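Structure in structure tokens, see below.
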Amino acid sequence: QVHLVESGGGLVQAGGSLRLSCAASGRTFNRYTVAWFRQAPGKEREFVAAINWIGGIAYSGDFVEGRFTISRDNAKNTGYLQMNSLKPEDTADYYCAAGPIVVLPTTPEKYAYWGQGTQVTVSS
């Protein structure tokens, strides 16, 4: 069992940065793939980025455009999403997800564990 708690969301002006954190409990976190998804009001949840425990990383090709960086610190049982050059269209609830899988799925159903989400609002 893995319990995930996101933090770091907030209100930021366009062009600004935020660093989201995903704190995990559970002894096997360092063998899990960690991902970030986001969901804007009225829209489906969409994949942002994922990182596995052997250094594999994947990003959405739709909007990341080199602005976001996913990372993890297994010693701290924490995953991160650094978001730079934020745009108003990045406004959404951001969710951390994890699963005991080495591949880097981009669909929500592949992940067994989810956090409660953290809200990101980017003003123009």
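This is a predicted model, so every value here is computed, not measured. Quick note: numbers below take in every heavy atom, side chains included, and nothing from hydrogens, waters or symmetry partners. For reference, positions follow the sequence shown, starting with 1.
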Subject >> For F37, all residues meeting ring pair (Phe, Tyr, Trp, His ring centres under 6.0 Å), sequence neighbours excluded >> reply: F47, Y111, W114
Subject >> NZ or CZ of R72 within 45° of F29 ring axis and under 6.0 Å >> reply: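 Judged by the rule, R72 and F29 form a cation-pi pair.
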Original post:
Do L86 and V64 sit in the same hydrophobic cluster, where Ile, Leu, Val, Met, Phe, Trp and Tyr count as joined when their side-chain heavy atoms come under 4.5 Å apart?
Top reply: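 Same hydrophobic cluster.
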Subject >> Heavy atoms of other groups near K87 NZ, more than 12 under 6.0 Å >> reply: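 Yes, enclosed.
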Original post:
How far does CG of L18 sit from CG of L11, to the nearest 0.5 angstrom?
Top reply: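 These two atoms lie 9.0 Å from each other.
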Original post:
Does CD in E109 sit with more than 12 non-hydrogen atoms of other residues, nucleotides or ligands closer than 6.0 Å?
Top reply: yes
Original post:
T33 and A50: which non-hydrogen atoms are nearest, and at how many Å?
Top reply: CG2-CB, 4.3 Å
Original post:
Among side-chain atoms of T78 and D73, is any donor-acceptor pair under 3.5 angstrom?
Top reply: no
Original post:
Cluster question for you: counting only ILVMFWY and a side-chain heavy-atom cut-off of under 4.5 Å, with indirect links fine, are I70 and W53 together?
Top reply: no
Original post:
So if you build clusters from Ile, Leu, Val, Met, Phe, Trp, Tyr with side-chain heavy-atom gaps below 4.5 Å, do V122 and F63 land together?
Top reply: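 Hydrophobic grouping puts V122 with F63.
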Original post:
With a cut-off of 6.0 Å (strictly less than), are more than 12 heavy atoms of other residues, nucleotides or ligands near CD of Q116?
Top reply: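 Enclosed.
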**OP:** Could you tell me the separation between the CG atom of L81 and the SG atom of C96, rounded to the nearest 0.5 Å?
**Re:** 9.5 Å
Original post:
Mind checking whether R19 and Y80 have side chains closer than 4.5 Å, heavy atoms only?
Top reply: yes
**OP:** Please round to the nearest 0.5 Å and tell me the distance separating atom OG of S60 and atom CH2 of W36.
**Re:** 15.5 Å
Subject >> Side chain proximity check, N52 to Y32, heavy atoms < 4.5 angstrom >> reply: no
Subject >> Nearest-0.5 Å distance, CG of residue D90 to CG of residue N84 >> reply: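 Reported value, rounded in 0.5 Å steps: 11.0 Å.
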Original post:
Would you say V103 and I54 are hydrophobically clustered, going by side-chain heavy atoms of ILVMFWY under 4.5 Å?
Top reply: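 Yes, it is one cluster - the side chains of V103 and I54 are joined through contacts under 4.5 Å.
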Subject >> Salt bridge present between D93 and R45 (N-O < 4.0 angstrom) >> reply: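 Salt bridge between D93 and R45, a charged N being under 4.0 Å from a carboxylate O: no.
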**OP:** Drop me the distance from N30's CG to N77's CG, to the nearest 0.5 angstrom.
**Re:** 7.0 Å
Original post:
Of all residues at least two apart in sequence or in a different chain, which pass the ring pair (Phe, Tyr, Trp, His ring centres under 6.0 Å) check with Y59?
Top reply: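 With neighbours one apart ignored, the set is empty.
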Original post:
Could you give the distance from OH (Y94) to OG (S7), rounded to the nearest 0.5 Å?
Top reply: 15.0 Å
Original post:
Between Y95 and R38, is there a cation-pi geometry (under 6.0 Å to ring centre, at most 45° from the normal)?
Top reply: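 No, R38 and Y95 do not form such a contact.
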Original post:
With the 4.5 Å side-chain cut-off for hydrophobic clustering, are I51 and V102 part of the same group?
Top reply: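 No; V102 is not reachable from I51 via cluster members.
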**OP:** Of all the heavy-atom pairs spanning A14 and S124, show the shortest one and how long it is.
**Re:**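 Minimum heavy-atom contact is CB-CA, 4.4 Å.
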Original post:
So among Q82, M83, E6, which one has a side chain to side chain contact (heavy atoms under 4.5 Å, CB included) with L20?
Top reply: M83
**OP:** List the atom of S17, the atom of S85, and the distance in Å for their closest heavy-atom pair.
**Re:**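 Scanning both residues, the minimum pair turns out to be OG-N, 4.3 Å.
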Original post:
Do the side chains of L4 and V2 get nearer than 4.5 Å, heavy atoms only?
Top reply: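 Yes, at least one pair of side-chain atoms sits under 4.5 Å.
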